Protein chains: 2
Amino acid sequence: MKETLEKILNFWPYLSEVEKQEIVAQTFKVNYESKKIFVHGKDECKGLMIVNKGRARIYINSDNGSNGGEITLYRLLDGDVCILSAACMMKSLDISVSMELEEDTEFFILPKGLFLEISNNNIMVKNYLLEEISDKFSSVIWVLNQYIFTKMAHRLASALIEHRALGESDDIEITHDTLARDLGTAREVVTRLLKQFQNDELVELSRGRIKILDINRLMRI
Amino acid sequence: MKETLEKILNFWPYLSEVEKQEIVAQTFKVNYESKKIFVHGKDECKGLMIVNKGRARIYINSDNGSNGGEITLYRLLDGDVCILSAACMMKSLDISVSMELEEDTEFFILPKGLFLEISNNNIMVKNYLLEEISDKFSSVIWVLNQYIFTKMAHRLASALIEHRALGESDDIEITHDTLARDLGTAREVVTRLLKQFQNDELVELSRGRIKILDINRLMRI
DNA sequence: ATAATTATGTGACATTGTCACTGTTATTTG
DNA sequence: CAAATAACAGTGACAATGTCACATAATTAT
């Protein structure tokens, strides 16, 4: 446990011995299955959540109920903190943001009280949080920028490249629907464009799977 | 000066006497004319900027040079801090964000060194900054949400209502172009929709001016 | 095997974005 | 002041994307 925390927590070197001990003593693990959804604000917030192993997608949706429009803001990978859990301990966002696990995921949870205490005493911890938030802030602005100013075909190509990197393979296991939720568009649009990509022999399509044939040409789009 | 700072700085009550003195001694004012543009990252960052009196618009643009697409992220009014100036002192965003003054604006500037020192010693100052950032973060997510999931007519109506509140009058002095830049759309689109609003007798149009005729019906859109 | 579920495909149409203009109203300048 | 210039607004044609209402195909459950 201690070794893992050492690796995962960026601010570990700046903690005092006492703080380290407290963290090792009080932090606990929780495991959730893939596809579990957290709605920020609804679920009670137990403390600061840090991804030990797994993957999560942070997104917003059109809350108008009927048609489930969504767009992905960013993802959390191993070692990332969920700044929403951080924010909910300090001051709440008044916006509905959700998290969906894309793999079985294990979190470390730093209990609320402990985290607040340490982040109030140790400036590096607070700095770290601030940087994380700034970083996600950048991501969201980037998404907005892309959504508004960039052609769908271009964004789809980027998404394919991103998922190729996430899965470390030219064979991507993903549905058109999932891509649409990533990009904030409709499934039909993704289908249309992928069809074009296939005609151009950039990809090969099958149910729930996209095989990248020409990564170089895809990158140039 | 001291009285103004007392009013403007939310964290004033939490400062020590020494800190207060230092702030009064080192903070200075700068005035800029309406329409001045700051590009975050380009202009050297002298310190934390706080709006004393005036109005600024924070926006992103499509940096592809030719066609000047823009969308407004949020506005700074009296007493607001420019979190971009804060961010640039701690860790830089790698995204191009700009600020345009919409009125002649006076800023207080807390010099970099002083601000860093105080925010490192005084947890309330850092907390305040964190809350400001979270707040703007919310705003940006809100803009994204609106852009993706909401019909243009609805958003235009909202924008008119917002500007009515900003100017405290049913007579809004604004061009179609400015509205388009707020909403992240094209001037022509704004013109089209305003035309419809006029036909529905919601507004009255003239050059550089929109008069709201039926605020209630506008709010219901 | 049959039914239910999930994924994909397609055409018609609505909304919004882009382009290439024209016309109109203010502002500057000779 | 009149003419030139710049800023603002209007318009039609067309492209890109979103929405809807389905059809079809592959997979999983009963």
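What you see is a predicted model, and the numbers here were worked out from it, not measured in a lab. Numbers restart at 1 for each chain; the letters A, B, ... are given by sequence-line order, proteins then strands.
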*Picking from Asp177(A), Thr185(A), Thr178(A), what satisfies side chain to side chain donor-acceptor pair (under 3.5 Å) with Arg181(A)?*
Asp177(A)
_Rounded distance (Å) that lies between atom P of dT11(D) and atom CG of Leu193(B)_ = 13 Å
*Going by heavy atoms closer than 4.0 Å, what residues in residues 156-187 of chain A are next to DNA chain D?*
Thr185(A), Ala186(A)
*side chain to side chain contact (heavy atoms under 4.5 Å, CB included) between Glu33(B) and Thr105(B): does it pass, once the steps are laid out?*
CA-CA 6 Å; Glu33(B) 289 192 353; Thr105(B) 301; over 6 Å; no
_Near DNA chain C, counting only heavy atoms under 4.0 Å, which residues of residues 208-215 of chain A show up?_
Gly208(A)
*Distance in angstrom units between Met152(B) CE and dT17(D) C1', rounded*: 15 Å
_Whether over 12 other heavy atoms sit under 6.0 Å from Glu162(B) CD_ = yes
_Any donor-acceptor N or O pair under 3.5 Å, side chains Arg155(A), Thr150(A)_ = no
*For Tyr59(A), which residues count as a ring-ring contact (aromatic ring centres under 6.0 Å, His included) partner, sequence neighbours excluded?*
none
*Within this structure, what is the NE2-to-P distance between His154(B) and dT16(C), rounded to whole angstrom?*
12 Å
*From dT16(C), dT17(D), dG10(D), pick the nucleotide closest to the side chain of Arg192(B)?*
dT16(C)
*May I ask you to check whether over 12 heavy atoms, not counting those of Trp12(B), lie within 6.0 Å of atom CH2?*
yes
*Can you tell me how far P of dT11(D) sits from CD of Gln196(B), to the nearest Å?*
12 Å
*Taking atom P of dG11(C) as reference, at what distance in whole Å does atom CD of Glu188(A) sit?*
13 Å
*asked:* Would you say Glu106(B) and Asn52(B) are linked by a side-chain donor-acceptor pair, where the criterion is simply a distance under 3.5 Å?
replied: yes
Return the polar atom pairs (N/O with N/O) between nucleotides 22-29 of chain C and the protein under 3.5 Å, or none.
from    : atom 1 : to        : atom 2 : distance (Å)
dT25(C) : O2     : Arg207(B) : NH1    : 3.2
dT25(C) : O2     : Arg207(B) : NH2    : 3.4

*asked:* For the backbone of Asp171(A) and the side chain of Ser169(A), can you confirm whether one donor and one acceptor N or O come within less than 3.5 Å of each other?
replied: yes
_Rounded interatomic separation in angstrom, taking CD1 from Ile71(A) and C1' from dG18(D)_ = 14 Å
*asked:* In this structure, how many angstroms lie between the P atom of dT17(D) and the NZ atom of Lys151(B), rounded?
replied: 17 Å
*Between Asp182(B) and Arg75(B), does at least one N-O distance fall below 4.0 Å, as a salt bridge requires?*
yes
_For dT17(D) and Tyr147(A) - does any side-chain N or O of the residue sit under 4.0 Å from the phosphate oxygens OP1/OP2?_
no
*Tell me, which pairs form a side-chain hydrogen bond (donor to acceptor under 3.5 Å, both in side chains) where one or both residues lie in residues 194-207 of chain B, sequence neighbours left out?*
Ser206(B)-Arg209(B)
*Among all residues two or more places apart in sequence or in another chain, which pass the salt bridge (charged side-chain N to carboxylate O under 4.0 Å, His left out) test with Lys53(A)?*
Asp78(A)
*Please state how far atom CD in Gln198(A) lies from atom P in dT8(C), giving the value in whole angstrom units.*
12 Å
